[in-house]
2 protein chains.
Amino acid sequence: MLVRGMRTLEKHGGATATRRRAAAKGPPPPPRRAARSAEAEAGRARVRLDVDERRAQLVELGLAEFGTRTYEEVSIDLIAQAAGISKGLLYHYFPTKRAYYVACVREAAARLVARLELPTDVPPLERLQVGLDRYLEYVRAHGGAFATLMRSGAFADRELAAVIDETRATLLGRLTSGMADIFPAPGTLSSPLLQIALQGWVGLAEAMSIAWVEACVAAEDARSTRPAPRADEVRDLLAQTLVAIVGSAVR
Amino acid sequence: MLVRGMRTLEKHGGATATRRRAAAKGPPPPPRRAARSAEAEAGRARVRLDVDERRAQLVELGLAEFGTRTYEEVSIDLIAQAAGISKGLLYHYFPTKRAYYVACVREAAARLVARLELPTDVPPLERLQVGLDRYLEYVRAHGGAFATLMRSGAFADRELAAVIDETRATLLGRLTSGMADIFPAPGTLSSPLLQIALQGWVGLAEAMSIAWVEACVAAEDARSTRPAPRADEVRDLLAQTLVAIVGSAVR
DNA sequence: CCTCCTTGCTGACTCCTGTTCAATAACAGT
DNA sequence: ACTGTTATTGAACAGGAGTCAGCAAGGAGG
C-alpha cells in the first residue's frame with residue numbers, strides 16, 4: 001500500500017542485475033538509488049481489470065494513437081501512460097510492440113469489414129455501387145487514420161501483410177460476388193491475368209480514395225481550390241473502371 | 001568554413017555535454033579514458049576518400065541493403081561495417097538515418113526516371129506502351145527491391161512522401177504527355193476528378209506490377225501454378241485501363 | 001473474518017540502436 | 001618539414017523495446 005515501497009530492496013532482481021552489470025562494466029557499480037514507494041502518491045491506485053476488458057481498452061487506445069501518429073512515433077511508454085498502466089503490463093497482453101500494432105490493425109480491418117456487410121439479394125452491379133458508397137463513406141469519415149493504419153508500418157512483417165491481404169480479399173470478394181454471371185467465359189474468371197488485374201484494382205481503389213479524401217480536405221481549407229468531386233462521382237469512376245478492367249483482362 | 005565554425009564552438013558543446021551529464025547523474029562524470037591510438041592493430045588503415053566518392057559509395061550500399069531488408073532491419077552499425085567505416089562517419093554525410101534512407105530512395109527514383117526517358121516523336125499511345133514496357137522491365141529486374149524501397153518506410157515523413165510523389169508525377173507526366181489530343185474537351189483535362197483518377201491509376205500500376213512480379217516468382221518456384229502472364233499482357237491491360245479511366249473521368 | 005492463492009499488475013533493470021562529440025590522422029599547400 | 005584543413009574514429013549518451021522478480025486485488029475455502 002502506501003509504504004509498499006522498499007520493495008525489500010529487490011532482493012533477487014537487484015542482486016542479479018548488479019552482478020551482471022559488474023561483469024559487463026568491470027568497475028564496481030555505482031550505489032543503487034534507494035527504491036521509493038511511488039504509486040501511492042501518484043494519485044491513481046492500482047486498478048485490476050478483466051483480461052478482455054483491458055485488452056479491448058488497449059486496442060482501442062492503439063487505434064487512436066496509431067491512427068494519428070506513425071508506428072515509430074508511438075512509444076510503448078506513451079501507450080502505457082495514456083492507458084494509465086505500466087509498460088510491463090502491455091507485455092502481459094502483447095508479446096511485442098509489433099504484435100500490439102498488428103492487433104490494432106486487425107481490429108480496424110474487422111470494423112471495416114463489418115461495416116461493409118452487403119445485401120445479397122440485389123443484382124451484382126448494384127451491390128458493387130452500394131459497397132463502394134459505404135467504403136468511401138468509411139474512408140471519408142476516418143480520413144487520415146485509415147491511410148496511416150494501412151500504410152504506416154505495413155509490409156514489415158509477414159503477419160501484418162497477411163492481415164491486410166486477407167482484408168482486401170474479403171472486401172473484393174464481397175464487391176464482386178455474383179459478377180461471374182456478367183462475364184461469361186467460365187475458365188477465364190480465375191486466370192492469372194485477372195487475379196493481377198483485380199489486385200491492381202484494389203490498389204486503384206485505395207489510391208483513389210486517399211487522393212479523394214485529400215482533395216476534400218484541401219477543398220475545405222482553401223476556398224481557392226476547385227471543389228472536390230462528389231462521392232458518387234468517385235464511386236461511379238471506381239465501378240466503371242472495375243468493369244472495364246475485368247472486361248480487358250478476360251478478353 | 002561552416003564546419004570550422006562549429007569546430008570552434010566545440011569547446012562550448014563539450015562543456016554543455018559534461019554539464020548535462022553531471023546534472024543527470026549526480027556524481028561527477030567518470031574520468032574520460034585517454035584516447036589511444038588503436039586503429040593500427042585493427043589491420044585496416046584509415047582510408048580517406050573524397051567527399052563525393054564516399055557519399056556515392058554509401059548510397060550505393062544503402063540501395064543494396066534497403067532493397068533487401070526493411071528500414072528498421074538495416075542498422076547503422078551494419079551499414080558502417082559493410083562500408084568499412086565507423087558509425088560516426090555516416091553522420092558526417094547524413095544528419096540522420098532517415099535522411100540517409102531518403103537519399104537512397106531519391107537515388108533509386110532518379111535511376112528509374114532516367115531509365116524511362118521516352119522518345120518524343122512518336123504518337124502518345126505508342127509512347128505509353130513503350131513507357132509501360134520499360135517500367136515493367138525495370139520492376140521485373142529489380143523485383144523485391146523496388147517494392148521494398150517504395151513501401152517499406154514510406155510515408156513516415158514529409159520529405160520521403162514528397163520524393164515519391166514527385167517521382168510518380170514525373171513518370172505519369174511522361175507517360176501521358178500528348179494525350180490531351182486524344183481527349184478533347186479542353187477544360188476537363190485538369191478537373192479534380194481526373195486528377196484523382198490519374199493518382200488512382202498510378203496506384204493501380206504499382207499494385208499490378210508488384211502482383212505481376214510476385215506471380216512471376218511464384219510461377220518459377222512451383223511448376224504446379226499456372227504460368228504468369230506475359231509482360232505485354234500486363235502492359236496492354238495497364239494501357240487500356242488508363243484510357244478507360246480517363247475516358248470515364250472526363251465524360 | 002482470516003488465509004491462501006491465483007494472476008493482473010508494477011517498477012527497476014538490461015540491451016540495443018540512433019546520435020553526438022572531442023580527439024586523431026591523412027592529405028594539400030606552403 | 002610544417003601547418004591548416006577536414007575526413008575519420010571511438011567512446012559515451014539517449015531513449016525506447018523488452019525482461020523479470022515481486023507485490024497486491026479479489027475470490028475460494030476454511
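Lettering follows sequence order; numbering is per chain, from 1.
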Do the charged groups of [X] and [Y] touch, with an N to O distance under 4.0 Å?
{"X": "B:R54", "Y": "B:E60", "result": "no"}
{"X": "B:E137", "Y": "B:R235", "result": "no"}
{"X": "A:R140", "Y": "A:E220", "result": "yes"}
{"X": "B:E159", "Y": "B:R98", "result": "no"}

[X] [atom1] - [N] [atom2] separation (whole Å):
{"X": "A:Q81", "N": "C:dT10", "atom1": "CD", "atom2": "P", "answer": "13 Å"}
{"X": "A:L89", "N": "D:dA17", "atom1": "CG", "atom2": "C1'", "answer": "16 Å"}
{"X": "B:D77", "N": "D:dT9", "atom1": "CG", "atom2": "C1'", "answer": "14 Å"}
{"X": "A:L49", "N": "C:dG8", "atom1": "CG", "atom2": "P", "answer": "11 Å"}
{"X": "B:I85", "N": "C:dT19", "atom1": "CD1", "atom2": "C1'", "answer": "15 Å"}
{"X": "B:Y71", "N": "C:dT17", "atom1": "OH", "atom2": "P", "answer": "13 Å"}
{"X": "A:R98", "N": "D:dG18", "atom1": "CZ", "atom2": "C1'", "answer": "15 Å"}
{"X": "A:D52", "N": "C:dG8", "atom1": "CG", "atom2": "C1'", "answer": "13 Å"}

Which nucleotide wins on minimum distance to the side chain of [X], given the candidates [options]?
{"X": "A:H92", "options": "D:dG18, D:dT8, C:dG8", "value": "C:dG8"}
{"X": "B:I76", "options": "C:dT10, D:dG18, C:dT19", "value": "C:dT19"}
{"X": "B:T96", "options": "C:dT19, D:dA17, D:dT8", "value": "C:dT19"}
{"X": "B:S86", "options": "C:dT19, D:dA24, D:dT8", "value": "D:dT8"}
{"X": "A:R54", "options": "C:dG8, C:dT17, C:dC9", "value": "C:dC9"}
{"X": "A:Y91", "options": "D:dT8, D:dT19, C:dT10", "value": "D:dT19"}
{"X": "B:R48", "options": "D:dT19, C:dT10, C:dA25", "value": "C:dA25"}

Between B:R134 and B:L118, does the side-chain contact (heavy atoms from CB on, under 4.5 Å) criterion hold? Intermediate values first, please.
CA-CA 9 Å; B:R134 295 229 191 124; B:L118 293 181; 4.0 Å; yes

Select from A:V74 and B:L90 the residue whose nearest nucleotide in DNA chain D is closer to the 5' end of that strand.
B:L90

Mind checking if B:Y100 touches a base, just sugar-phosphate, or nothing, with heavy atoms under 4.0 Å?
nothing

Contact class for A:F94 (heavy atom, under 4.0 Å): base, sugar-phosphate, or nothing?
nothing

Classify the side chain of A:K87 and the base of D:dG16 as holding, or not holding, a donor-acceptor pair under 3.5 Å.
no

With a cut-off of less than 4.0 Å, is there a side-chain N or O of B:Y93 near OP1 or OP2 of D:dA7?
no

